[in-house]
Amino acid sequence: MSVANLKSLNELTSLCKRRGFLFQSSEIYGGVGGCWDYGPLGVELKKNVQNSWWKSMTYREDVVGIDTSILMNPQVWKASGHIDGFSDPMVDCKNCKSRYREDQIDLSKPCQKCGQSGQFTEPKDFNLMFSTQMGAVADSSNKIYLRPETAQGIFVNFLNVQTTMRKKLPFGIAQIGKAFRNEITPGNFIFRLREFEQMEMQFFCKPGSQMDHYAVWKEARLAWHLENGMRKEKLRFQPHGPDELAHYADAAEDIEYEFPHGWGEMEGIHSRTDFDLTRHQELSGKKLEYLDQADGNKKYIPYVVETSVGSDRCSLALMCDAYRLENEGDKEKERTVMKFDPKIAPVKVAILPLVKKEVLDTPARKLFADVQKNYMAEYDVAGSIGKRYRRQDEIGTPFCITFDFESLEDQAVTIRNRDTMEQERVSLDQVEKYLKDKLHF
Ligand code: GAP
């Protein structure tokens, strides 16, 4: 049997549209750059990713969850350095007004859009934050930003959480939420978006201990990606050099995935020092120190190790990784199959009556109702059974249960395994146990 991996993001984009994973935002109006809508299967996939992250990060003694607002006091972004430092150097074509990142084009060549040479402006810093106005008066005093990272909601709540939850250092605060960046070159499907979701955790620790926690979190985060079924050889660590570090970090490393367009950052692990809390203390005038009773009541600003992964980018990597084209070119045997780990698969079980007849439909629907109590399931009666299997393979459903005429006699069904395509006859009263054994997460 021949097996091919995903060759291009275009292949995946068309599967995602065809099967209801993702649609271009406001598609009927021609779309809007850097924004995508999750369809019924895509949202299941993304929620499975987020639930897996939430469980692994907050179902533990030393990390708690939070959910903070997208709009924050603009002083937050002054303190964090995003107003002054969160920018890319840009040049504009004077002729057609196209804007480019200076580091992504050759200024000695003609504009890629209009073909004019020597027409570029001097590089100018372009802030990546989206801004809007709050309240009824539209002047600059009401300017407010859409958050470019969720982390700041955690920093400004550090003491609220620490005191109300009676947490001792080291401990972390985790959150999942939307972030917005006015990326100049969004693209590669959902790799670089203007509206996206982050899953971030800030781990507050005693100054001097940060590199130990950094090493532990690095390994923990890699292990999480592997537990979700990603292939080890497609993942690597990529340390940031001194000139690549963000303005808040003294050490940083990415977990990269090998996408069809090349290796790309999927998650960042950053040692953020005491930069953010110190700045918030300075600008707010509020003390953000920790009272360390275990160390002679010393007061200090904690250091922070951050883990930050995009739900969209992570979902993209999981889809790229799961994609297989088997027996390419063989009319009978070719199939596209998404080999998602069952935990991540949008649909866990499909119930397929062999033919569209009421005598099968009624008991099959009863089985569907039972299975749905525990798992996301689909009921599909349209088309030949072979076609229905192929459809479920393409969306990555681990198990298909076929209800046939014999089922009426022997009270048993056929369960087909997505990966091996093997079929087993299982008694109806054992289906629940069968699924429980195979789908434990
Ligand atoms: N709080 C730290 C921070 O935001 P980052 O490296 O800029 O660090 C962290 O972003 C993660 O967020 C990235 O690894 C990526 O998964 C995701 N991310 C960042 N920008 C993104 C974008 N434009 N589109 C989709 N995901 C993005």
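Not measured: the values here are computed from a predicted model. Note that ligands are numbered from 1 as they come in the structure, with each ligand's atoms numbered from 1 the same way.
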Which bit of R272 gets closer than 4.0 Å to ligand 1, counting heavy atoms only: side chain, backbone, both or neither? side chain
Under 3.5 Å: N/O of I190 near N/O of ligand 1: no
Would you please say whether a donor-acceptor pair under 3.5 Å links the side chains of Q50 and E197? yes
Within the 4.0 Å heavy-atom shell around H270, which atoms of ligand 1 are there? 2 (C), 8 (O)
Would you mind checking if K298 and D292 are paired as a salt bridge, meaning a charged N to carboxylate O distance below 4.0 Å? no
What protein heavy atom sits nearest atom 9 (C) of ligand 1, and how far away is it? S308 OG, 3.0 Å
Would you say the rings of F23 and W36 are close, in the sense that their centroids are separated by under 6.0 Å? no
Answer side chain, backbone, both or neither: which part of Y248 comes under 4.0 Å from ligand 1, heavy atoms only. side chain
Nearest protein heavy-atom contact for atom 18 (N) of ligand 1: which residue, which atom, what distance? F196 CE1, 3.6 Å
So that I can tick it off, tell me whether E378 and R391 are bridged by a salt bridge, with the cut-off set at under 4.0 angstrom between side-chain N and carboxylate O. yes
Could you list the atoms of ligand 1 found under 4.0 angstrom from a heavy atom of E149? 1 (N), 2 (C), 3 (C), 4 (O)
If you have a sec, work out which protein heavy atom is nearest atom 13 (C) of ligand 1 and how many Å separate them, to one decimal? E265 OE2, 3.2 Å
I'd like to check which ligand 1 atoms, numbered from 1 as shown, lie under 4.0 Å from a non-hydrogen atom of E267. 14 (O)
Decide whether an N or O pair under 3.5 Å exists between A151 and ligand 1. no
Could you find the nearest protein heavy atom to atom 25 (C) of ligand 1 and give me its residue, atom name and distance? F191 O, 3.2 Å
So which protein heavy atom does atom 2 (C) of ligand 1 come closest to, and at what separation? E306 OE1, 3.0 Å
Students should be able to answer this: which protein heavy-atom is nearest to atom 15 (C) of ligand 1, and at what distance? R313 NH1, 3.6 Å
Per-atom contacts of ligand 1 with R192, taking only distances under 4.0 Å to non-hydrogen atoms: 23 (N), 24 (N)
Could you tell me whether M266 approaches ligand 1 through its side chain, its backbone, both or neither, with non-hydrogen atoms closer than 4.0 Å? backbone
With a 3.5 Å cut-off and no angle check, do the side chains of S308 and E200 form a donor-acceptor pair? yes
Return the set of residues passing ring pair (Phe, Tyr, Trp, His ring centres under 6.0 Å) with F204 (not counting sequence neighbours), or none when no residue passes. F158, F171
Report the relative orientation of the aromatic rings in F399 and Y434; use parallel for angles under 30°, tilted for 30 to 60°, perpendicular for over 60°. perpendicular
Within the 4.0 Å heavy-atom cut-off, what R181 brings close to ligand 1 is side chain
Of all protein heavy atoms, the one nearest atom 24 (N) of ligand 1 is L193 N, 2.8 Å
Mutual orientation of the aromatic rings belonging to F130 and F180 [parallel < 30°, tilted 30-60°, perpendicular > 60°]: perpendicular
Taking the six-membered ring for Trp, are F259 and F191 ring centroids under 6.0 Å apart? yes
For residues R231 and N5, is any side-chain donor paired with an opposing acceptor at under 3.5 Å? yes
I'd like to check which ligand 1 atoms, numbered from 1 as shown, lie under 4.0 Å from a non-hydrogen atom of E200. 1 (N), 2 (C), 3 (C), 4 (O)
Taking atom types as modelled and ignoring hydrogens, do the side chains of Y300 and D274 form a donor-acceptor contact shorter than 3.5 angstrom? no
Give me the nearest non-hydrogen protein atom to atom 10 (O) of ligand 1 as residue plus atom name, then the distance to 0.1 Å. Q198 NE2, 3.5 Å
For the pair E394 and R18, find out whether any cationic side-chain nitrogen is under 4.0 Å from an anionic carboxylate oxygen. yes
